[in-house]
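This report refers to the structure that appears directly beneath it.
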Amino acid sequence: MYVLPCAHAQIQRYIFISDKHPLSTTQSKHSRNVRINTKLAGESLDRRVFDEIPVSDKHTFAWNNLIQTHLANEDFDLVISTYRNMLLRGTARPDRRTLPRILTASWRSGDIFTGKQLHGHALKLGFSSDHYVVTALIEMYGRLDSVDIAKWVFEKSPHRNPVSWTLLARLYIKQNKPGLAIDMFKQMVDSGDEIDSVALATAVGACSMLKSLQQGRKLHRIAMKYGLEFDALVSNTLLKMYIDCGSIKDARAIFDRMPSKDVITWTALINGYVKKGGFNECLKLFRQMNMDGLVKPDSLTFSSVLPACARMAAHKHGKEIHGYLLRSGVKLNLTVQNAVMDMYVKSGFIEYASRIFTRMKDKDVVSWTVMIMGYSLHGQGEQGVHLFCTMERKSSIHIDQLTYAAVLHACSTARMVEQGKFYFHCIKAPKVANYSLMVGLLARAGLFEEAKIFIEEQKVERHAEVLKALLDGCRNHQQLVLGKRVIEQLCDLEPLNADNYVLLSNWYANSERWAMVHKLRQTVTDMGLNPKKAYSWIEFRNKVHVFGTGDVSHPRSERIYGELQCLVKKIQDEGYRPNPDFSLHDVEEERECIQIGHSEMLAISFGLITTQPSATIRVTKNLRVCRNCHDSAKLISKTVGREIILKDLNCFHHFKDGFCSCGGSW
DNA sequence: CTAGGGTTAG
């Protein structure tokens, strides 16, 4: 730490003014050091006061420039030592442009001691009402956790300006008190002071935190009144505010009205659509942005659009965007690389993801998590657990909830019950997702008693997510009695979720209790609920072809059904028999439909007739694949000699040579 | 020659 020369005793008095001065509380310890160190600073200095330093603008200008250079290089210690030398030489007085720079250096290097000395210098030099010096002081105290002093300086300053108001509002935001930040802004408006775009944007940002659409709209009106609505900063924060407050419609409205949009504008809206699940809209926007050609996407834009591809498993779009990313010259930072990796994992190309992962020099916790989860999703649980161990051994990465969730998932996939328990106990404050994974792990391994005890002990029986994990186990192990109990608990817990009644209805249908089936169906209709519909899709020639259950709307329907009938006949000749049990099936329309009309089979059939022989078929389904379709797909992969990759709600099924990567549990 | 600001991945 540097100690600044405090030449005159008077200066020290300015720093440590009195008991009432807010600075005084933490001072007593330091004041002795100051005196000792002041002596060390040099004999000659004791005789010199700021007043005796000649005023020479030319010299001060030179010092300021030197200081500015060091500041730009982030050499904060050098900034402070240069200032020290400036004082020791005594040929140039610090001016109102000098102090803010030194103050910046002091907070940037976390040095409040120097900051407080500078405060003294500012007073002595007569800058206590200079805007730049005062705001630099407020910022310094605020940044160095002396919020009360920052407020004190603000209150005592004779002229307040938008910068000082904004700094204070930001202090409230940092303390997670957005309401007070907005109050600050309102006071500023009421005080009649001029307001500017940064102040307004800060207040709008506080609305984002509050998620208050009402407050946000008020600020929007103020922005319009002051003619700041289409200031780049203001309109971008308004756009983000509408997204954070859940109104993508308002966000879109301001976007459409903005006369000029920059990369942040586009990225914010693209991201807004992704968060809402509007993946197609997001891709459309990304395309439009590139077609317009006025704005180039940056790494943040790519990091926003890639997850949309991942979530849709739109591998062709994803690959295309990856190619565009490489050609664009955008820097491949960790975030983008992780997003690319995840896109490949989620669209079925685990081997591409793995290759990128291996070549990455720097990996962070997200990179590892994506890859561990990736292996698990693709049925390679052991690989995932192995990778987790490697990570623990090789790097000092801080493992968080999501990483543990990934390794628990991998243990579940690999049926590694003991390891799973071990990792679960490593989690410091487990979340519901972690409990669910643990229940899923036990249930998948057929340890239903243990799962029940676990649920009771951890008191998580009131979480639908946990019960659904248990139900998945029941489904895989055909535990009809327990399954029904779980379904009833689910109906109890989520009475407005139509899917639970579908489960129950299917259970009754299986035992041919049609009265109950009709009653449940009536209940769903009466409550105005909509059970989920199943559909599957496949990309072909840059178009997504979507199929519903029993869908005959596709132009090539006849051919699709013909091919399917042919294939089913073939596998039946080889001994395949469908399973009549649909008791725990979770889509009603599918239970009723003949298996040949299930959406995943239609998509697979379409894939088979449209692609090269031996090409891999990639299909995605929005819900879980049905057991009969699953078993048929295994046999079909063998009959036609093709790999079929089917992504469903929970995982990827790689059907090849009559086997599936999921090992029969999903 | 000086001050406060907006978009990103599991």
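In what follows, chains carry the letters A, B, and so on, assigned in the order in which the sequence lines appear, proteins first and then strands, with residues in each chain numbered from 1.
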Kindly list each side-chain donor-acceptor pair under 3.5 angstrom involving residues 194-201 of chain A, sequence neighbours excluded, with atom names and distances?
residue  : atom : partner  : partner atom : Å
A:Asp196 : OD1  : A:Val198 : N            : 3.4
A:Asp196 : OD1  : A:Ala199 : N            : 3.0

Self-check item: N or O in side chain of A:Asn271 less than 4.0 angstrom from B:dT7 OP1/OP2
Solution: no

Quiz prompt | Selection from B:dG10, B:dT2, B:dT7 that lies nearest to any side-chain heavy atom of A:Ile264 | solution = B:dT7

Exercise. Using atom CH2 of A:Trp107 as one end and atom P of B:dG4 as the other, report the distance to the nearest whole Å.
Key: 7 Å

Quiz item: Between A:Leu269 (CG) and B:dT7 (P), how many Å, whole number?
Solution: 14 Å

Exercise. Please state how far atom CZ in A:Arg108 lies from atom P in B:dT2, giving the value in whole angstrom units.
Key: 16 Å

Self-check item: Nearest listed nucleotide, side chain of A:Arg143, among B:dG5, B:dT8, B:dT7
Solution: B:dG5

Self-check item: CA sep, side-chain torsions, deciding dist, call: A:Leu213, A:Tyr242, side-chain contact (heavy atoms from CB on, under 4.5 Å)
Solution: CA-CA 7 Å; A:Leu213 197 57; A:Tyr242 282 126; 3.6 Å; yes

Quiz prompt | Polar side chain donor-acceptor pair, A:His409 to A:Ser376, under 3.5 angstrom | solution = yes

Exercise. Pull out every residue in residues 158-185 of chain A that has a heavy atom closer than 4.0 Å to any atom of DNA chain B, ordered by number, or say none.
Key: A:Asn161, A:Pro162, A:Val163, A:Thr166, A:Leu167, A:Arg170

Self-check item: Out of B:dG5, B:dC1, B:dT8, whichever nucleotide has its closest atom nearest the side chain of A:Leu233
Solution: B:dG5

Quiz item: Which residues satisfy the side-chain hydrogen bond (donor to acceptor under 3.5 Å, both in side chains) test with A:Tyr404, sequence neighbours excluded?
Solution: none

Practice problem: Show the numbers, then the answer: is there a side-chain contact (heavy atoms from CB on, under 4.5 Å) between A:Asn85 and A:Trp63? | Solution: CA-CA 10 Å; A:Asn85 288 334; A:Trp63 282 104; 4.1 Å; yes

Exercise. Apply the test side-chain contact (heavy atoms from CB on, under 4.5 Å) to residues A:Val295 and A:Met289: give CA-CA distance (whole Å), side-chain angles for both, the deciding distance (0.1 Å), then the verdict.
Key: CA-CA 7 Å; A:Val295 172; A:Met289 167 181 176; 3.7 Å; yes

Practice problem: Would you mind classifying the nucleic acid contact of A:Thr403 as base, sugar-phosphate or nothing, using non-hydrogen atoms under 4.0 angstrom? | Solution: base

Quiz item: Whole Å only: how far is the CE atom of A:Met258 from the C1' atom of B:dT7?
Solution: 12 Å

Compile the donor-acceptor pairs under 3.5 Å between side chains in residues 168-181 of chain A and protein atoms, sequence neighbours left out, one pair per line.
residue  : atom : partner  : partner atom : Å
A:Lys174 : NZ   : A:Gly142 : O            : 3.3

Quiz item: OH of A:Tyr83 versus C1' of B:dT2: gap in Å, rounded?
Solution: 14 Å

Self-check item: Test side-chain contact (heavy atoms from CB on, under 4.5 Å) applied to A:Phe302 and A:Phe286, step by step
Solution: CA-CA 9 Å; A:Phe302 282 107; A:Phe286 183 70; 3.8 Å; yes

Self-check item: Under 3.5 Å side-chain donor-acceptor pair for A:Lys284 and A:Asn280
Solution: no

Quiz item: Where along residues 188-224 of chain A does a heavy atom fall under 4.0 Å from DNA chain B?
Solution: A:Asp196, A:Val198, A:Ala199

Practice problem: Taking the side chain as every heavy atom from C-beta outward, state whether A:Met360 and A:Ser367 have any pair of such atoms under 4.5 Å apart. | Solution: yes

Quiz prompt | Contact list for DNA chain B against residues 317-347 of chain A - heavy-atom distance below 4.0 Å | solution = A:Thr335, A:Asn338, A:Asp342, A:Lys346

Quiz item: For A:Phe154 and B:dA3, what is the distance between atoms CZ and C1' respectively, to the nearest whole Å?
Solution: 14 Å

Quiz item: Given atom CG of A:Leu118 and atom P of B:dT2, what is their separation to the nearest angstrom?
Solution: 19 Å

Self-check item: Beyond-backbone contact of A:Ser109 with A:Ile80, side-chain heavy atoms, under 4.5 angstrom
Solution: yes

Self-check item: Whether A:Phe349 and A:His315 hold their rings parallel, tilted or perpendicular, with breakpoints at 30° and 60°
Solution: tilted

Practice problem: Starting at atom CG of A:Leu238, determine the distance to atom P of B:dG5, rounded to an integer number of angstrom. | Solution: 18 Å

Quiz item: Do A:Thr135 side-chain and B:dA3 base share a donor-acceptor contact under 3.5 Å?
Solution: yes

Self-check item: Nearest-neighbour nucleotide for the A:Arg101 side chain, B:dA3, B:dG10, B:dC1 considered
Solution: B:dC1

Self-check item: Sugar-phosphate, base or nothing in reach of A:Val365, heavy atoms under 4.0 Å
Solution: base

